[in-house]
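Structure first, commentary second.
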Amino acid sequence: MLGRRSARLLAAGAVIFVCRVHFIGQPTRMNSKEPASAVVAVCLSGVSRDETSLRLSLASLHQQLMQPARGVNFTVFSWFEDDYAEASLAREFMPNYPTFLRRNALEYLPPNLRPLTDSVLEEHGLLSRERIVVNTLRMLRKLSGAEWLRRYAEGRLGFPRATLVLRARPDMMLMSVVPIPVLQHSLHDVKTSSLDASPGAISLPWACNARGLIFDQFFALSPSRASSVLDDAFDVALSLVRHGEQIYPEAFFFNLLKSLAYEIVPWPVCMASSFSKDCVAFRAALVSQPSGIGAYTLDVRDPFATLRADYPDGHCQFPSPLTDTEIARARSAATGLFYRESNL
């Protein structure tokens with residue numbers, strides 16, 4: 001069995017990836033009285049680990065991403081295979097943002113978006129494959145599902161059409177304000193979007209060209225490009241797996257973008273100093289609540305911990321690990337949530 005590190009080599013004959021780097025201008029702020037000319041579709045997909053971590057993640061999106069951005073409208077789409085998690089998301093976002101959930105579209109879903117249950121995996125001959133392979137395929141299927149929800153809601157339900165599509169996972173807690181990489185020149189001229197103007201682009205906080213890796217847990221791309229990346233990803237990965245290839249998620253996405261001739265547009269923030277000396281720190285944590293009666297001490301993990309362990313050779317410049325202060329902040333937020341609910 002190949003390890004996670006060796007799994008980054010996906011297909012033979014890959015061409016050299018040339019990354020053109022430029023920055024997108026800073027956004028104006030939200031709650032402007034002028035009509036918003038930019039719409040960001042926030043697409044959440046993945047495993048909701050527990051109620052506490054989901055609520056912390058959603059609250060951080062609102063506080064660190066949405067609330068600080070004036071002149072921007074938001075729509076929200078979620079692809080969870082957990083009705084309770086989607087109900088929590090609806091309570092958090094529906095009062096303020098147009099929101100569309102997987103459970104609202106079950107009768108309309110195409111057959112290719114059915115969940116990758118054990119029986120479906122067995123149909124594809126994948127049930128015995130390594131855990132990282134199966135989990136990556138499930139993650140890619142959910143990404144495709146969230147993108148399908150966005151297109152369906154915009155095309156059939158009258159949701160405002162997105163200027164930008166942002167992918168986030170439901171267990172990531174943003175620890176700092178995140179500027180939105182919407183437009184190169186002005187929020188009031190959507191035709192100047194650098195993500196639409198380029199042949200293909202994706203905006204993300206971190207990449208390592210030396211090892212062919214990108215940060216796939218939080219990224220943004222134009223709606224015209226989202227379908228090709230997010231729809232193709234599962235089919236490409238499935239084909240590789242059927243031919244005996246391993247897939248390491250961060251390397252898989254790097255090579256997929258390379259094959260589509262995409263460029264990487266750095267976020268207006270950075271997780272490491274490799275992009276620009278002018279970028280500001282982007283900090284995030286993966287959070288989950290330990291199981292057990294009365295457990296409310298949050299498990300706080302570094303989103304780069306696995307990458308840092310798998311690629312220790314110094315070719316990739318990683319952000320600094322989470323500090324004790326940041327971990328304490330996340331746990332304090334979880335404890336406060338626990339006590340507030342206990343006193344209701």
- Interatomic distance, I214 atom CD1 to W206 atom CH2 [nearest 0.5 angstrom]: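 Between I214 CD1 and W206 CH2, I get 9.5 Å after rounding to 0.5 Å.
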- Query: Mind checking whether W79 and Y84 sit in one hydrophobic cluster, side chains of I, L, V, M, F, W, Y counted as touching below 4.5 Å?
  - Reply: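 In one cluster: no.
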- Task: Flag yes if V47 and M139 sit in one hydrophobic cluster, no otherwise; membership is Ile, Leu, Val, Met, Phe, Trp, Tyr, and two members link when side-chain heavy atoms are under 4.5 Å apart.
- Result: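 V47 does not cluster with M139.
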- Message: Under a plain distance cut-off of 3.5 Å, with no hydrogens placed, do S222 and S224 share a side-chain donor-acceptor pair?
- Response: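 The criterion, which ignores hydrogens and geometry beyond distance, is satisfied for S222 and S224.
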- Do S332 and R329 meet the criterion of a side-chain donor-acceptor pair at a distance under 3.5 Å?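 Their side chains do not contain a donor-acceptor pair, so the 3.5 Å distance test is not met.
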- What residue pairs, at least two apart or across chains, pass disulfide bond (SG atoms under 2.5 Å apart) with a residue in residues 38-78?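 Every candidate disulfide bond (SG atoms under 2.5 Å apart) pair involving residues 38-78 fails, so no pair, neighbours aside, qualifies.
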- disulfide bond (SG atoms under 2.5 Å apart) partners of residues 205-246, not counting sequence neighbours, each pair once: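 Of all non-adjacent pairs touching residues 205-246, those that pass disulfide bond (SG atoms under 2.5 Å apart) are C208-C316.
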What pairs with [X] under salt bridge (Lys or Arg N to Asp or Glu O under 4.0 Å), at least two apart in sequence or on another chain?
| X | answer |
| --- | --- |
| E92 | none |
| R49 | D171 |
| R161 | none |
| E86 | none |

- Message: Using a strict threshold of under 4.0 Å (side-chain N to carboxylate O), is an ion pair present between E250 and R308?
- Response: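 A salt bridge is absent here (no side-chain N lies under 4.0 Å from a carboxylate O).
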- Are any of the side-chain nitrogens in R150 or E147 under 4.0 Å away from the carboxylate oxygens of its partner?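 Looking at E147 together with R150, the answer is yes, because their closest N to O distance falls below 4.0 Å.
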Close side-chain approach of [X] to [Y], heavy-atom, < 4.5 Å:
| X | Y | value |
| --- | --- | --- |
| I202 | F253 | no |
| L149 | R102 | yes |
| L58 | L44 | yes |
| F254 | L256 | no |
| M175 | S60 | no |
| V287 | D299 | no |
| Q246 | V241 | no |
| V40 | N73 | no |

- Query: Does Q64 have any side-chain hydrogen bond (donor to acceptor under 3.5 Å, both in side chains) partners at least two apart in sequence or in another chain, and if so, which?
  - Reply: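 Partners of Q64 by the side-chain hydrogen bond (donor to acceptor under 3.5 Å, both in side chains) criterion come out as none, since no residue qualifies.
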- Item | Contacts of R167 that satisfy side-chain hydrogen bond (donor to acceptor under 3.5 Å, both in side chains) - sequence neighbours left out |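 For R167, no residue satisfies side-chain hydrogen bond (donor to acceptor under 3.5 Å, both in side chains) once neighbours in sequence are set aside.
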My understanding is that only residues two or more places apart in sequence, or in another chain, count here; which of them pass side-chain contact (heavy atoms from CB on, under 4.5 Å) with [X]?
| X | result |
| --- | --- |
| N135 | R131, R138 |
| P110 | N112, L113, W148 |
| A237 | L137, L140, I247, F252 |

- Message: Parallel, tilted or perpendicular: which one describes the rings of F93 and H62, with boundaries at 30° and 60°?
- Response: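 It falls in the tilted class, 30° to 60°.
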If I compare all heavy atoms of [X] with all of [Y], which pair ends up nearest, and what's the gap?
| X | Y | value |
| --- | --- | --- |
| A90 | P95 | O-CD, 3.7 Å |
| L54 | A85 | CD2-O, 3.5 Å |
| A330 | L298 | O-CD2, 3.7 Å |
| S45 | A146 | CB-CB, 4.3 Å |

- What about the rings of F215 and F304, do their centers lie closer together than 6.0 Å?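 They qualify: ring centres under 6.0 Å apart.
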- Message: If you take the centroid of each ring, where Trp contributes its six-membered ring, are Y248 and Y311 closer together than 6.0 Å?
- Response: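 Here the rings of Y248 and Y311 have centres that are less than 6.0 Å from each other.
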- Please walk me through it: do Y97 and T75 pass side-chain contact (heavy atoms from CB on, under 4.5 Å)? CA-CA 6 Å; Y97 310 107; T75 53; over 6 Å; no
- What do the steps show when you test R301 against E326 for salt bridge (Lys or Arg N to Asp or Glu O under 4.0 Å), and what is the final call? CA-CA 11 Å; R301 294 169 292 131; E326 288 171 325; over 6 Å; no
- Partner set under ring-ring contact (aromatic ring centres under 6.0 Å, His included) for F159, not counting sequence neighbours: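 ring-ring contact (aromatic ring centres under 6.0 Å, His included) check on F159 returns F77.
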- Query: With distance as the sole test, does E154 use its side chain to make a donor-acceptor pair with the main-chain N or O of A162 at under 3.5 Å?
  - Reply: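 Yes: the side chain of E154 pairs with the backbone of A162.
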